[in-house]
Amino acid sequence: MKSTKTTYNPKKIEAKWQKEWQKNGHPKATGKKGKLYILDMFPYPSGDGLHVGHVENFTATDIAARFKRMNGYDVLHPMGWDAFGLPAENFAIKTGIHPKKKTLECIKNFKRQMESIGLSYDWEREINTSSPEYYKWTQWMFLFLYKNGLAYKKKAKVNWCEACHTVLANEQVIDGKCDRSGDIVFQKDLEQWFFKITDFVEDTRSKSGRKISGLLAGLKKIDWPSSTIAAQKHWIGRSEGAEVIFPVANTEEEIKVFTTRVDTIFGCTYVVIAPEHTLLKSLEASIGNKEEVKKYLEVTKKKTDLERTELNKEKTGVELVGIEAINPFTGERVPVYVADYVLGTYGTGAVMGVPAHDERDFAFAKKYELFIQQSVVSVDKKNETECFTEDGVLIDSGEFTGMTSGDAREKMSAWLRTEKMGGKRVQYRLRDWLISRQRYWGAPIPIIYCDECGEVPVPEKDLPVKLPMDVDFLPTGESPLVRSKSFQKVKCPTCGKKARREADTMDTFVCSSWYYLRFADPNNTKKFADPKELAKYLPVDFYMGGAEHTVLHLLYARFFTKALAKYDYLHFDEPFVKMRHQGMVMAEDGRKMSKSLGNVVNPDAVVQELGADTLRLYEMFMGPLEDMKGWNTGSVIGLRRFLDKVWRLKEKVAQGKTQKSDQDVLTSLLHKTIKKVTEDIEDLKFNTAISMLMILVNAMEKEDVISLHTYQTLLILLAPFAPHITEELWSETGEKKSIFLEKWPKWDVKKIVEELSVIAVQINGKVRATFAIATGSTEAVVKKVALADPKVQVYTAGKEIRKMIYIQDKILSLVIGD
RNA sequence: GCCGAGGUGGUGGAAUGGUAGACACACGGGACUCAAAAUCCCGCGAUAGCAAUAUCAUGAGGGUUCAAGUCCCUCCCUCGGCACCA
């Protein structure tokens, strides 16, 4: 081997190996241990390029992928682009540059950056959600759901800005105002497409009879961060309660109320319906204060959901004069209010007001001077002036008096059932998924409207419905696709008469809800993926991405998986078996990195200055993968120094392959390092794996000569972390094949055990002495040596030893008397 | 308010209930050099001491244990998510 003195020049060697990998692909040993699918959440290719958070995420999975390949697995590790979305469209509105052009530019830049840090993706599987080859299958997914009754249309509210003539995404509404014009945002009703995600909350069966776990129960069988599981659960928001029918006095109408506290119903002193409630229309004639109610509805219309749901805000409402509801339990008549603290979209859109036992009802009753009636007490609390929201024992509740709240809920629900006035009911917070967007840069919804035939799905053979290029994307109030002549020139697939296309596009979350399936077979033109390929690679074994996707993306992806599984397109019902989130990388000043604060660290600059391997190592060394971390430019140099040391080690390698064996101490340390690095990579504890490699390198540096075997083993252990330098040094040892075709080393337990162990002697809980003794010494021997130790004798002289605990090769703990 | 994750030197962090502070950055001292950079060596939680060493120390306070950063209880603080969900 050459031992000429050269300096580590990352720029040169990184370029060299990247060129090689681009030309011949990333070297992969043939996997014999079976498949592993290691996936990153694919990025939106923004104009800002890769940020250091991406680098953290992608480096972590790259280490895992390289490590698993060297351990004999057939690893699928693909990358693609979540390329539809608002930023490119807004950029187009501002500059006139077409979103397609801009998006392709951004992708090119992202890919360049990824290659510049040596990520070993299967680039031949690259996908782009904005390409017709991909969105053809997004449209196919829509039709699949449509045909199975899982996609439907209904009226729904959208954020509407009158000044911009456009629909806004929730993120564009700041404090109830448009983020661009500053105008107040209205809620406007529009016909929208929905996916029936709520159909999959509970377990179901596939058409072939297999059990498909629901969105709720499925959480039990996956290895995800507990916070993410909790967030999913909360988002689904299952609550058990009762539905109660309050007939409206002197009419045929009734108000259905949902409550989790039916046990407090004897304390109900009024009923509230949401401003959206249909009863307001059907009862209009009987309302005594129509004008006042109308005014109130006008005011609430101006509020966004965000505003309406702001806590600690005074509750407002208007009584419906002349309307009374009848409590089915007591027969009492109670007033009816309309108030916007009740949401039309949750439950039945109506609640019973029990001020004595609910905070909101209490506040509302105080404001409108409504009667407060206690119906439940706890054992130790009685007749407080505050409201009492816990369970207790019922009072003044007719035949239910004396029951505990829990019992009463059961009995009262049963009573409602027999009386046909309601009964037990399960309610979810989760709503169906609104997927329509009045936007241009998205996948067109494959539906055609015909005056004769109505709503007609585009036949599969006509897919993809291509996004037209002749579109003026300036906002005018309707979907940009309405004004595309080429797009709207269409005949009804059923009758052949002139028809028009659905002009809305799909939410970009639709595209990203199934992409992990496409990677199994990305170039298939007949199916979204061949079942054989799906069976080979899916589900995803390890999924990694930002915590900002804890709810929506993951929930939607799980929904798609379950829907496809139900119709036997898939053999599994949870897409991501194990998942982790990388912690956010904060700026040096402790704040979030953002362009406006000017504190963004550009990975390109770090690669340029210190090299890609240094950047990769630093990001992994910063701290635990899942923790939030602060970038520290000064600390990056430490990792470069480490690589410089590794580089210089080659000068110490013994010439000739069999010439030298190392000191036992170094061999022992090498085996400890193999163990530690192997186990730490498995556990994603990259920071401590790197520490251990540093310890080994520091020890090797102190030797005059090291064996080729030890040196090569070090290079293999370091290879997943720093692929360029290790590939270079490996080839310099005379190896012809890539280091990534090497087998991962195994540790020898016998070599790890040291001859001597240091025993700490604790006396009454404090360490008073330490001494070295042959590993494996018996308790009796250790005790004898310890008691002979003068430092120990200072404490034991003339005292009684009451107790003695010996931990093999570690600690001797003595408890002595006075 | 609810749910989740945390709180360890100047800094990032390490520690199957078993000698707290590995590894790294910064800092101080020294070697090499005409000088600087690079590199190498030594030191580096606090207090007292020339030192050996002693005492204190993992957000605060209790508890369990021979032994607690780690387990249990109460409280404080920080971060993340959700929030009038009936």
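In what follows, every chain begins at residue 1, and chains take the letters A, B, ... in the order their sequences are listed.
The base-pairing partner of B/A5, taking Watson-Crick or G-U wobble contacts with both distances under 3.5 Å, is B/U78. For B/A24, the paired base is B/U11 (Watson-Crick or G-U wobble, both distances below 3.5 Å).
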With side-chain contact (heavy atoms from CB on, under 4.5 Å) as the criterion, how do A/Leu693 and A/Lys676 come out once you've worked through the C-alpha distance, each side chain's angles and the decisive distance to 0.1 Å?
CA-CA 9 Å; A/Leu693 287 165; A/Lys676 178 80 177 152; over 6 Å; no

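Base engagement by A/Val758 is indicated by at least one non-hydrogen atom pair under 4.0 Å involving a base atom. As judged by a 4.0 angstrom heavy-atom cut-off over every strand, A/Lys676 is placed among residues making no nucleic acid contact. Looking at heavy-atom distances under 4.0 Å, A/Ser635 makes contact with sugar-phosphate atoms alone, never a base. As judged by a 4.0 angstrom heavy-atom cut-off over every strand, A/Asp358 is placed among residues making no nucleic acid contact. Contacts of A/Asp644 with the nucleic acid, taken as non-hydrogen atoms under 4.0 Å apart, are absent. Using a 4.0 Å heavy-atom distance criterion, A/Lys233 is classed as making no nucleic acid contact. When heavy atoms are screened at a 4.0 angstrom cut-off, A/Lys592 is found touching no nucleic acid atom at all. Base engagement by A/Ile807 is indicated by at least one non-hydrogen atom pair under 4.0 Å involving a base atom. Contact annotation for A/Phe621: base contact, defined as any heavy-atom pair under 4.0 Å involving a base atom. Residue contacts for A/Gly237: at a heavy-atom cut-off of 4.0 Å it reaches no nucleic acid atom on any strand shown. Backbone-only contact: A/Ser239 has heavy atoms under 4.0 Å from sugar-phosphate atoms and none from a base. Nucleic acid contact class of A/Glu588 (heavy atoms, under 4.0 Å, all strands): none. Among the heavy atoms of the strands lying under 4.0 Å from A/Lys810 is at least one base atom, whether or not backbone atoms are also near. Residue A/Pro225 is out of contact with every strand shown, counting any heavy-atom pair closer than 4.0 Å.
Here A/Tyr795 reaches the OP1 or OP2 of B/A54: one of its side-chain N or O atoms lies under 4.0 Å away. Applying the 4.0 Å criterion to OP1 and OP2 of B/A86, one finds that A/Lys315 has every side-chain N and O outside that range. A sub-4.0 Å separation between OP1 or OP2 of B/A22 and a side-chain N or O of A/Asn698 is absent. Taking 4.0 angstrom as the limit, A/Lys803 places a side-chain polar atom (N or O) nearer than this to OP1 or OP2 of B/C66.
If you look at A/Tyr270 and A/Phe364, their ring centroids are closer than 6.0 Å.
Distance from the side chain of A/Tyr346 is smallest to B/C85 among B/A24, B/C85, B/C79. The side chain of A/Val815 has B/C66 as its nearest neighbour among B/C66, B/U39, B/C23. Checked against B/A14, B/C40, B/C84, the side chain of A/Glu701 finds its nearest nucleotide in B/C40. Picking from B/A83, B/U55, B/U19 the nucleotide with the shortest atom distance to the side chain of A/Arg429 gives B/A83.
Looking at which nucleotide of RNA chain B each of A/Ser813 and A/Val636 is closest to, the 5′-most match is held by A/Val636. For the pair A/Phe258 and A/Lys685, nearest-nucleotide mapping onto RNA chain B gives the more 5' position to A/Lys685.
For A/Gln762 against B/G18, a side-chain-to-base donor-acceptor contact under 3.5 Å is present.
The existence of a salt bridge linking A/Glu703 and A/Lys652 is excluded, since no basic side-chain nitrogen approaches an acidic carboxylate oxygen closer than 4.0 Å. A salt bridge between A/Lys629 and A/Asp627 is absent, with no side-chain N of the basic residue lying under 4.0 Å from a carboxylate O of the acidic one. In summary, A/Lys791 and A/Asp789 do not engage in a salt bridge, as defined by a charged side-chain N under 4.0 Å from a carboxylate O.
In this entry the base of B/G13 is anti relative to its sugar, with a glycosidic angle more than 90° from 0.
In summary, the side chains of A/Thr6 and A/Lys650 do present a donor paired with an acceptor at a separation below 3.5 Å, with no hydrogens or angles considered.
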